[in-house]
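In each ligand, atom 1 is the first atom listed, and ligand 1 is the first ligand listed. Atom set for the values below is all heavy atoms of this structure, side chains included, hydrogens, waters and symmetry mates excluded. Along the sequence shown, the residues carry numbers beginning at 1.
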Amino acid sequence: MHTIVTVIGARPQIIKAAAVSRSVRNHYQEDIREVIVHTGQHYDNNMSQVFIDELEIPRPAYNLGVGSATHGIQTARMIEGIESILEKEKPGMIILYGDTNSTLAGAVAASKIHVPVAHIEAGLRSFNKSMPEEINRIVCDHCSTLLFSPTLSGYNNLVREGFNPMALPPYHSDNPKIYHCGDVMFDNSLHFAGVAEKTTSIIQHLQLQPGKFILSTIHRNGNTDVPERLESIFRALLGLSEQSGLPVILPIHPRTAKMLELQLTSETLDRIKLQNSLRIIPPASFLEMLILEKNAALILTDSGGVQKEAYFFRKPAVILRAETEWTEIIEAGAGRLCDASEEQIVSSGMRFLNHPPEHFPEVFGDGRAADYILSEILAFLNTKGAI
Ligand code: UD1
């Protein structure tokens with residue numbers, strides 16, 4: 001029996017970890033003991049516990065309770081906590097997801113004490129180091145032993161950064177192995193879409209008509225913390241809703257909620273209050289989000305995960321950023337990069353509503369990425385890297 005430690009902390013990591021935990025439960029219970037560490041980066045019930053319950057991942061064995069703080073303080077507290085858990089549990093591998101501060105902390109803590117790192121969602125790059133996530137991804141990839149890239153472009157980024165696609169075992173952090181393996185989030189969307197359909201009544205609850213609303217999420221600090229950008233995005237949401245006649249549903253991230261009153265002009269705040277077609281609702285659960293995505297006419301987002309889920313459900317995405325790590329979505333014509341430009345967001349949104357894209361090539365795998373990832377991790381553990 002091998003012990004692996006999985007680090008989660010932010011909402012999207014709970015979602016990604018669910019696919020791998022499900023695979024452990026279904027196929028590897030005799031071989032793998034998974035110890036889940038929650039850093040506590042996200043701590044509100046509707047940012048964390050709701051997802052743990054809904055996605056049926058095992059209860060975290062540890063919760064570091066770090067909460068919100070500056071990047072340095074938050075990451076340092078996590079490193080300290082994760083290091084002592086690794087010393088105690090002595091796992092054969094640590095599994096890290098995505099690009100948050102929890103990912104960075106796990107990578108630093110583990111690699112310094114020679115616990116091999118598996119990075120799921122490796123190789124993604126925005127080529128914009130002003131995003132905290134870009135630093136986190138690069139550091140994590142370069143501390144890792146097994147790097148699982150969901151997309152071909154991610155895999156190619158790793159090759160460009162010097163990772164050897166022909167590496168031979170034994171694998172270790174100086175001789176890492178890179179994989180192009182599909183996206184665990186696609187596994188989850190396939191697995192949970194049917195469940196969500198049967199158990200979730202958010203469409204009725206919000207009195208929406210399927211196909212007759214726009215869905216939006218905004219949480220990147222590059223948007224929420226820059227007043228002109230936040231103002232421009234909200235003006236665009238109001239404008240698009242006016243022009244299209246469709247309501248915009250905005251499940252709000254706590255960071256964005258705090259910033260609205262601080263950053264928006266009183267004119268825009270008044271319009272939000274008066275024009276009730278922009279409907280700000282509390283953060284949605286995972287199953288609710290799937291149902292909202294599946295039934296939306298159009299999705300506007302600065303989230304990586306929501307961009308992808310839009311694509312999984314064959315919905316067009318207006319991306320509220322200047323660049324994306326998920327370049328395949330742009331290449332397919334299913335997403336447009338509109339940054340925070342009011343004019344571009346409204347015009348691209350209207351174009352997508354009038355001419356929805358039809359081609360969604362299968363670029364995120366076959367829905368079985370987690371099983372493949374675990375089979376490779378197990379082979380690594382069984383042979384101490386000599387697979
Ligand atoms: C983090 C990740 C981001 C990911 C996002 C998903 C980093 C650097 N960023 O961003 O990549 O896309 O999670 O949601 O790790 N807050 C609460 N309650 C919570 C969590 C956060 O009120 O449960 C508020 C706090 O004011 C906090 C702010 O949101 O300061 C930001 O939280 P933080 O974890 O620092 O980053 P996110 O914006 O959530």
Engineer: Tell me which one of Thr100, Asp302, Thr75 gets a heavy atom nearest to atom 2 (C) of ligand 1.
Structural biologist: Thr100

Engineer: So, His2 and Asn382: side-chain donor and acceptor under 3.5 Å apart, yes or no?
Structural biologist: yes

Engineer: Can you sort out the partners of Glu309 under salt bridge (charged side-chain N to carboxylate O under 4.0 Å, His left out), two or more places apart, ordered by chain and number?
Structural biologist: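 With sequence neighbours excluded, Glu309 shows a salt bridge (charged side-chain N to carboxylate O under 4.0 Å, His left out) to no residue whatsoever.
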
Engineer: Atom 16 (N) of ligand 1: which protein heavy atom is closest, and how many Å away?
Structural biologist: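 So the nearest neighbour among protein heavy atoms is Tyr43 OH, 3.6 Å.
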
Engineer: For Asp99 and ligand 1, answer yes if some heavy atom of the residue is under 4.0 Å from a ligand atom, otherwise no.
Structural biologist: yes

Engineer: Could you list the atoms of ligand 1 found under 4.0 angstrom from a heavy atom of Ala10?
Structural biologist: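 Under 4.0 Å from Ala10, ligand 1 has these atoms: 13 (O).
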
Engineer: Looking only at protein heavy atoms, which one is nearest to atom 35 (O) of ligand 1, and how far off is it?
Structural biologist: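 Ranking protein heavy atoms by distance from atom 35 (O) of ligand 1, first comes Gln74 NE2, 4.0 Å.
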
Engineer: Nearest heavy atom to atom 20 (C) of ligand 1 wins, so pick from His253, Arg220, Gln13, His42.
Structural biologist: His42

Engineer: Suppose we measure from atom 8 (C) of ligand 1 to each protein heavy atom; which comes out shortest, and what is that distance?
Structural biologist: Asn101 OD1, 3.4 Å

Engineer: Excluding sequence neighbours, so at least two apart, what forms salt bridge (charged side-chain N to carboxylate O under 4.0 Å, His left out) with Asp302?
Structural biologist: none

Engineer: Any idea how His253 and His219 line up, ring-wise: parallel (<30°), tilted (30 to 60°), or perpendicular (>60°)?
Structural biologist: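 Correct class here is parallel.
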
Engineer: What atoms of ligand 1 come closer than 4.0 angstrom to any heavy atom of His219?
Structural biologist: 4 (C), 5 (C), 6 (C), 12 (O)

Engineer: Looking at Ser173 and Thr145, what are the two nearest heavy atoms and their distance?
Structural biologist: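 Nearest heavy atoms, Ser173 then Thr145: N-OG1, 3.2 Å.
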
Engineer: Of the backbone atoms (N, CA, C, O) and the side-chain heavy atoms from C-beta on, which set of Met47 has a member under 4.0 Å from an atom of ligand 1: side chain, backbone, both, or neither?
Structural biologist: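 Contact part for Met47 vs ligand 1: side chain (C-beta onward).
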
Engineer: Is it the case that the side chains of Tyr62 and Glu89 hold a donor-acceptor pair, with the cut-off being a distance below 3.5 Å and no angle test?
Structural biologist: yes

Engineer: Is the shortest distance from a Lys or Arg side-chain nitrogen in Glu80 or Arg77 to a carboxylate oxygen in the other one below 4.0 Å?
Structural biologist: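 So Glu80 does not pair with Arg77 through a salt bridge.
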
Engineer: What are the atoms of ligand 1, with element, lying closer than 4.0 Å to any heavy atom of Ser68?
Structural biologist: 25 (C), 27 (C), 30 (O)

Engineer: Which is closest to atom 26 (O) of ligand 1 by heavy-atom distance: Arg255, Lys258, Glu133?
Structural biologist: Lys258

Engineer: Specify whether His142 and Phe163 have parallel, tilted or perpendicular ring planes, treating 30° as the upper limit for parallel and 60° as the lower limit for perpendicular.
Structural biologist: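 Rings of His142 and Phe163: tilted, 30 to 60°.
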
Engineer: Please work out whether any backbone atom (N, CA, C, O) or any side-chain heavy atom from C-beta onward of Pro12 is under 4.0 Å from ligand 1, and answer side chain, backbone, both or neither.
Structural biologist: side chain

Engineer: Examine the side chains of Ser126 and Glu133 and answer whether a donor and an acceptor come within less than 3.5 Å of each other.
Structural biologist: no

Engineer: Which residue and non-hydrogen atom of the protein lie closest to atom 1 (C) of ligand 1, and at what distance in Å?
Structural biologist: Gln41 NE2, 3.8 Å

